[in-house]
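Data first, discussion second: the structure below is written as structure tokens.
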Amino acid sequence: STHVDFVTAAAHLWGELFGLKHNQENIAEIAAQMSVPTFVPRKVTIQVEESEKPAEPVPTPHTVDQLLAELATAPPCAPLSVLQFEKDEDTNHHIDFITACSNLRARNYKIPEADRAHTKRIAGKIIPAMVTTTAVVTGLVCLEFYKLVQGFPVDKYRNAFLSLALPSLTLSEPLAPEQARYGDTQWTLWDRFDVDEDRELTLQELITHFKKVHNLEINMMSCGSSIIYSFFAPKAKLAERLKKPVSVVVEEISKCRIKQKYIVMEICCALDDEDVDVPYVRYRCRF
């Protein structure tokens with residue numbers, strides 16, 4: 001009977017949406033005559049490596065233009081009716097649909113089902129998410145994102161402290177990030193070194209890159225909890241590592257396979273024989 005209730009309520013709601021007349025008496029008979037095709041699971045290929053081709057075709061501008069052209073020639077659709085949820089109207093099938101749909105889903109996962117009265121009590125207490133904190137926070141975040149895209153200075157941004165229970169909304173000007181310096185270069189925690197040479201570098205080449213480009217002498221380099229280079233390491237082991245690609249050294253020391261395109265590393269550096277704090281390093285190892 002739950003299946004019949006679901007089909008009946010869903011058909012009623014679709015009919016109201018499209019302004020169609022419907023007869024509730026013979027819905028079960030019509031449904032019994034329907035031939036439902038046997039479910040056959042799709043064969044899905046999951047993309048594991050970035051180098052693999054995606055399982056689903058990626059939309060192209062040509063595909064989008066083709067879809068827009070098809071939509072432009074599609075026959076016009078009749079105006080749709082807006083259905084407002086009303087739990088206290090027993091003839092609109094709103095609670096009937098929620099009850100049948102939730103019970104069928106509960107049956108799939110072996111969750112205790114609820115009768116119509118209990119479902120009605122639960123549905124009456126749910127506040128739609130569009131009028132809660134979720135929507136307000138989303139709007140506030142988008143406002144700050146517009147400022148970021150347009151390159152506004154930091155004094156134009158705002159932190160927001162929100163409580164709809166009080167209700168209250170307080171805005172404050174965010175503090176600028178703390179500045180650090182090495183030589184003549186200022187940086188904050190939002191900065192980083194991006195190393196992308198269009199090829200894999202050896203550990204020695206990466207160290208030479210920082211000396212040549214940034215005039216920084218690397219004393220120690222780590223990736224996560226693994227130290228991949230240190231000036232006090234045994235010379236024989238160090239000489240062997242310096243010849244290897246950076247990704248190979250990281251994999252050997254961390255005992256983990258690198259699947260991502262970038263490696264994030266921390267470095268301890270000296271500038272003119274003085275230790276300095278520097279941003280982290282994002283090194284591209286896959287091409």
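Everything numeric here is computed off the predicted structure, so don't read it as measured data.
Between M221 and V281, the closest side-chain pair of non-hydrogen atoms is not below 4.5 Å. A 4.5 Å side-chain heavy-atom check between F232 and N219 finds every atom pair outside the cut-off. You'll find the side chain of K156 stays beyond 4.5 Å of the side chain of Q150, heavy atoms only. In this structure the side chain of L242 reaches within 4.5 angstrom of the side chain of Y229, judged on heavy atoms. For the pair H214 and T185, the minimum side-chain heavy-atom distance is 4.5 Å or more. Inter-residue side-chain proximity for L169 and F161 is flagged as unmet; no heavy-atom pair is nearer than 4.5 Å. Annotation: side chain of D155 is in contact with side chain of E173 (closest heavy-atom distance under 4.5 Å). Two residues are said to be in side-chain contact when any heavy atoms from C-beta on lie closer than 4.5 Å; R286 and S247 meet this criterion.
Looking only at distances, no side-chain donor or acceptor of N103 sits under 3.5 Å from a matching main-chain atom of D115. Although no hydrogens or angles enter the test, the distance criterion places no donor-acceptor pair under 3.5 Å between the side chain of W14 and the main chain of L20. A distance-only check finds a donor-acceptor pair linking the side chain of N92 to the backbone of E86 [under 3.5 Å]. A donor-acceptor contact shorter than 3.5 Å is absent between the side chain of K87 and the backbone of A123.
For the atom pair CG (L271) and CZ (R181), the distance works out to 11.5 Å, reported to the nearest 0.5 Å. Residue E217 holds its CD atom at 14.0 Å from CD of E274, rounded to the nearest 0.5 Å. Taken from CD in E113 to OG1 in T119, the straight-line distance is 9.5 Å, to the nearest 0.5 Å. Taking NE2 of H12 as the start and CG of D96 as the end, the distance is 9.0 Å to the nearest 0.5 Å. Interatomic distance, S222 OG to I228 CD1, rounded to the nearest 0.5 Å: 7.5 Å. With values rounded to the nearest 0.5 angstrom, E205 atom CD is found 9.0 Å from E197 atom CD.
Results of the salt bridge (Lys or Arg N to Asp or Glu O under 4.0 Å) test with D196 over R282, R284, K261 single out R284 as the only residue that passes. Paired with F193 under the rule ring pair (Phe, Tyr, Trp, His ring centres under 6.0 Å), one option of F210, Y283, Y280 passes, and it is F210.
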Step by step, would you call T99 with D5 a side chain to side chain contact (heavy atoms under 4.5 Å, CB included)?
CA-CA 9 Å; T99 303; D5 293 341; over 6 Å; no
Could you walk me through whether Q33 and I30 pass the side chain to side chain contact (heavy atoms under 4.5 Å, CB included) check?
CA-CA 5 Å; Q33 299 173 5; I30 296 174; 5.5 Å; no
Applying side chain to side chain contact (heavy atoms under 4.5 Å, CB included) to H3 and L104, what does each step give before you reach the verdict?
CA-CA 8 Å; H3 292 85; L104 289 175; 3.8 Å; yes
Evaluate side chain to side chain contact (heavy atoms under 4.5 Å, CB included) for L238 paired with F231, printing each intermediate quantity in order.
CA-CA 8 Å; L238 190 59; F231 69 94; over 6 Å; no
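When all heavy atoms are compared, the tightest approach of P279 to R192 is CB-CA, 3.6 Å. Taking all atoms of both residues into account, the shortest heavy-atom contact from I227 to I253 is O-CD1, 3.6 Å. Across all non-hydrogen atoms, the minimal contact from I267 to C269 is CD1-SG, 3.5 Å. Of all the heavy atoms in L164 and L162, the pair that sits closest is CD2-CD1, 4.0 Å. Pairing each heavy atom of A114 with each of H118, the nearest pair is CB-CD2, 3.6 Å.
Connection of Y157 to L140 is not established within any shared hydrophobic cluster, with ILVMFWY side chains joined at heavy-atom distances below 4.5 Å, either directly or through further cluster members. Y182 and I218 fall within the same hydrophobic cluster, where Ile, Leu, Val, Met, Phe, Trp and Tyr residues are linked whenever their side-chain heavy atoms come under 4.5 Å apart, directly or through other members. By the criterion of side-chain heavy atoms lying less than 4.5 angstrom apart, applied directly or through intervening Ile, Leu, Val, Met, Phe, Trp or Tyr residues, V248 is not grouped with Y262; the two fall into different hydrophobic clusters. By the rule that hydrophobic residues join a cluster once side-chain heavy atoms approach within less than 4.5 Å of another member, F152 and L171 end up as members of separate clusters. Under the 4.5 Å side-chain heavy-atom criterion for grouping Ile, Leu, Val, Met, Phe, Trp and Tyr, V136 is connected to V141 within one hydrophobic cluster.
When ring centroids are compared, H93 and F97 stay outside the 6.0 Å threshold.
The 12-atom threshold is exceeded at NZ of K147, counting heavy atoms of other residues, nucleotides or ligands nearer than 6.0 Å. Around the CG atom of L71, the shell of radius 6.0 Å holds more than 12 heavy atoms that belong to other residues, nucleotides or ligands. In this structure, E178 places its CD atom where only 12 or fewer heavy-atom neighbours from other residues, nucleotides or ligands lie under 6.0 Å away. For K211, the NZ atom is densely surrounded, since the number of other residues' heavy atoms within 6.0 Å is greater than 12. Around atom CZ of F145, no more than 12 heavy atoms belonging to other residues, nucleotides or ligands sit under 6.0 Å away.
For S81, there are no side-chain hydrogen bond (donor to acceptor under 3.5 Å, both in side chains) partners, not counting sequence neighbours.
Taking a cutoff of 4.0 Å between a charged side-chain nitrogen and a carboxylate oxygen, E240 and K237 do not qualify as a salt bridge. Salt-bridge annotation for R116 and D90: present, with a side-chain N of the basic residue lying under 4.0 Å from a carboxylate O of the acidic one. Comment: R158 does not engage E144 in a salt bridge, judged by the lack of any side-chain N to carboxylate O separation of less than 4.0 angstrom.
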